[in-house]
Structures are given as structure tokens and as C-alpha cells.
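Not measured: the values here are computed from a predicted model. Basis for what follows: all heavy atoms, side chains included, without hydrogens, waters or symmetry-related copies.
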Amino acid sequence: MNTRNKRAVQHRPETLAKREEILKVAALMFGEKGTSNTTLQDIAGQVGMTHAGVLHYFGSKKGLLLEVLKYRDSQDVADLEGKRMPGGLDAFRHLIKTAEENMKRPGIVQTYLILSSESVTEGNLGKDYFFSRYSCLRAELSESLGKVLVGEQGSLSDSDRTAIEDAAAGILAAMDGLQLQWLLDPEHVNLARASRFIIETAVSAVIDPHENCLDRNR
């Protein structure tokens with residue numbers, strides 16, 4: 001009886017509205033000040049709550065940080081058809097646009113890198129989120145590249161599928177690595193421009209493969 005009542009309260013419209021208000025404020029504050037310089041008390045004060053009130057919704061600061069990342073993911077596609085990443089080459093254009101947006105929110109990028117690196121430890125709170133996120137993104141990017149190739153040359157060969165899967169994984173890995181370099185040295189690393197270069201290079205290598213210069217003079 002008590003459990004059912006508690007679940008009902010958690011899903012009331014006013015409860016969901018307050019939860020989203022907290023997420024909006026937290027995303028803004030973490031984005032501007034970073035995780036270490038933003039406390040739950042800071043966030044609570046901005047939404048007219050106590051520290052304990054914020055914990056009631058998210059359990060811990062790490063729990064809030066993970067939900068902020070999920071909120072960011074949903075907001076990045078909120079204005080897109082179906083509220084999801086587009087297909088075909090537009091998927092990769094969307095990644096470039098996301099890199100451009102990330103340059104405006106270094107604190108969120110910092111949060112993402114810290115939590116993603118911690119997620120590889122057993123029992124970590126963020127492990128399921130990051131595992132699912134990478135799996136879904138690899139699948140979506142692979143599907144998008146596959147559709148581009150199928151439209152140009154028919155059915156995919158085994159080598160096509162391998163190249164597509166490697167490109168999808170490589171693009172995500174490169175983008176994450178560039179985010180780290182950008183945070184450490186923003187004067188010499190342009191996140192958006194370098195991300196565009198990596199994405200265009202990987203996609204071009206799959207769609208229009210050419211001689212690998214590293215194979216020369218072997």
C-alpha cells in the first residue's frame with residue numbers, strides 16, 4: 001500500500017515539473033561552473049528548496065549529475081523529428097553541431113568525462129547509462145552509414161559492415177578524446193573544428209575509400 005502510494009506521488013505532474021526545474025538549473029550551473037564548484041545547496045537555493053529536498057529527487061550529487069547528462073541528451077534532440085538523432089549523413093552533421101554546442105557548456109563536458117571514466121569500475125552508478133549510450137550511438141551511426149552505402153552500391157558486404165562499425169566506434173572515441181584535450185588546452189584545441197575533421201575523415205573513408213598512405217613503402 002505504502003509503496004504504491006509513493007510511486008503515485010513520484011509521477012504526479014507537479015513532481016515531474018519540479019524535477020525538470022531542478023535539472024534545468026543544475027544543467028546551467030554545472031555547465032557554467034563545473035561539478036566541483038557547484039554544490040547541491042547552490043542548486044537548491046536557485047529552485048527554492050533545501051539540500052535535502054534535492055536529494056529526495058535524485059538521491060545524491062552523482063545521481064543528479066547522471067540525470068543532468070540524460071537531460072542534456074534529450075534536449076539536444078528535442079527539436080528534431082521524432083526527438084531522436086536524424087539518419088543518413090545528417091546524423092554526422094548533428095554530431096558536429098553537438099560539438100559546437102558543447103563548446104558553450106564546458107562544465108557539462110567535464111561532468112561527462114569524469115562520470116564516463118568512473119563508469120568502467122564495477123558497480124558504478126553510471127555504468128548502465130554509459131554502456132547503453134555508447135551501444136545506442138554506435139548502432140545509430142552504423143545504421144546511418146549503412147543506409148548511405150546501400151543507396152550507392154546495393155547490399156553491404158562483410159567488409160563494409162566491419163568498416164562501418166569501426167568508423168562508428170572510432171568517431172565516438174575521437175570525440176570524447178578531443179573533449180578532454182579541449183578542456184585541458186582550449187587555446188590550441190578547437191573542439192568543433194577538430195571533431196568535424198575526424199567525422200568527415202571517418203565517413204569519407206567508408207563511403208569513398210582510397211589508398212591508405214600508411215601502407216606506402218612497407
Side-chain angles (χ1 to χ4, degrees), residues 1-86 94-121 123-137 175-176 179-180 182-184 186 191-192 195:
M1 176 71 74
N2 290 338
T3 301
R4 286 196 297 269
N5 289 340
K6 183 178 180 181
R7 287 176 180 171
V9 170
Q10 289 177 337
H11 291 87
R12 288 185 304 179
E14 58 268 33
T15 302
L16 294 176
K18 175 56 73 173
R19 188 177 188 277
E20 182 168 358
E21 181 187 0
I22 297 170
L23 287 173
K24 285 181 178 179
V25 170
L28 180 63
M29 296 185 72
F30 286 137
E32 292 180 347
K33 299 170 60 178
T35 59
S36 59
N37 294 321
T38 304
T39 67
L40 291 184
Q41 189 61 54
D42 294 334
I43 295 168
Q46 291 295 314
V47 295
M49 298 180 68
T50 63
H51 176 277
V54 174
L55 287 178
H56 171 73
Y57 284 91
F58 301 100
S60 65
K61 184 176 182 179
K62 181 172 286 188
L64 174 58
L65 288 169
L66 282 170
E67 291 302 316
V68 165
L69 292 181
K70 295 176 186 178
Y71 177 74
R72 177 203 64 169
D73 291 344
S74 67
Q75 290 302 298
D76 282 348
V77 296
D79 296 330
L80 301 179
E81 183 178 352
K83 297 187 183 299
R84 57 167 293 171
M85 188 165 65
H94 173 73
L95 291 182
I96 294 170
K97 181 179 178 182
T98 299
E100 294 170 350
E101 289 299 314
N102 281 341
M103 293 186 72
K104 305 173 186 176
R105 49 190 184 190
I108 294 295
V109 175
Q110 180 194 65
T111 300
Y112 174 86
L113 290 174
I114 292 172
L115 296 186
S116 62
S117 64
E118 292 177 348
S119 71
V120 299
T121 59
N124 186 272
L125 184 64
K127 187 171 186 177
D128 289 344
Y129 164 73
F130 285 102
F131 181 89
S132 175
R133 186 176 193 276
Y134 281 123
S135 296
C136 290
L137 283 173
M175 291 185 73
D176 284 0
Q179 288 181 147
L180 176 59
W182 172 66
L183 286 177
L184 290 171
L191 179 60
S195 295

- Message: Pair Met85, Leu80 - check side chain to side chain contact (heavy atoms under 4.5 Å, CB included), show working.
- Response: CA-CA 7 Å; Met85 188 165 65; Leu80 301 179; 5.5 Å; no
- Does a sphere of radius 6.0 Å around NZ in Lys61 hold more than 12 heavy atoms from other residues, nucleotides or ligands, not counting ones at 6.0 Å or beyond? yes
- Message: With heavy-atom distances below 4.5 Å as the criterion, would you say the side chains of Lys18 and Met49 are in contact?
- Response: yes
- Message: For a quick test of reading the model, state the closest non-hydrogen atom pair linking Ala99 to Met175 and the distance between them.
- Response: CB-CE, 4.3 Å
- Message: If I take atom OG from residue Ser74 and atom CD from residue Glu20, how far apart are they, to the nearest 0.5 angstrom?
- Response: 8.0 Å
- Item | Between CG on residue Asn37 and CE on residue Met29, distance to nearest 0.5 Å | 10.5 Å
- Message: Using ring centroids (six-membered ring only for Trp), state whether Phe130 and Tyr112 fall under 6.0 Å.
- Response: yes
- Query: Is a donor on one side and an acceptor on the other found under 3.5 Å between the side chain of Thr121 and the backbone of Asn124?
  - Reply: no
- In Å and rounded to the nearest 0.5 Å, what is the CG to OG1 distance from Leu65 to Thr38? 9.0 Å
- Backbone N/O of Gly126 and side chain of Lys62: donor-acceptor pair under 3.5 Å: no
- Please tell me if the side chains of Leu69 and Ile108 come closer than 4.5 Å, counting only heavy atoms from C-beta onward. yes
- Query: Do NZ/NE/NH1/NH2 and the carboxylate oxygens of Lys104 and Glu101 come within less than 4.0 Å?
  - Reply: yes
- Item | pair Leu115-Glu118: side-chain heavy atoms closer than 4.5 Å | yes
- Message: Show, in sequence, the C-alpha distance, side-chain angles and deciding distance for Thr50 and Leu55, and conclude whether the side chain to side chain contact (heavy atoms under 4.5 Å, CB included) test is met.
- Response: CA-CA 9 Å; Thr50 63; Leu55 287 178; over 6 Å; no
- Interatomic distance, CG@Asn102 vs CD@Gln179, rounded to 0.5 Å, equals 5.0 Å
- The single option from Asp42, Leu28, Thr39 that satisfies side-chain contact (heavy atoms from CB on, under 4.5 Å) with Lys33 is Asp42
- Using a strict 4.0 Å threshold on nitrogen-to-oxygen distance, state whether Lys70 and Glu67 make a salt bridge. yes
- Query: Going by heavy atoms in the side chains, are Leu113 and Val109 under 4.5 Å from each other?
  - Reply: yes
- Message: Counting C-beta onward and ignoring hydrogens, is there a side-chain heavy-atom pair between Phe58 and Leu40 closer than 4.5 Å?
- Response: no
- Message: How long is the straight-line distance from CZ of Arg19 back to OH of Tyr71, given to the nearest 0.5 Å?
- Response: 11.0 Å
- Between Asp76 and Arg105, is the closest basic N to carboxylate O distance under 4.0 Å? yes
- Task: Say whether, by atom type as modelled, one donor and one acceptor occur between the side chain of Gln110 and the main chain of Thr35 under 3.5 angstrom.
- Result: yes
- Task: Grab the two heavy atoms, one from Ala192 and one from Glu100, that are nearest each other, plus how far apart they are.
- Result: CB-CG, 3.5 Å
- Taking the side chain from Ser117 and the backbone from Ile114, do they hold a donor-acceptor pair closer than 3.5 Å? yes
- Task: Could you tell me whether a side-chain N or O of Ser119 sits under 3.5 Å from a main-chain N or O of Ser116, the two making a donor and an acceptor?
- Result: yes
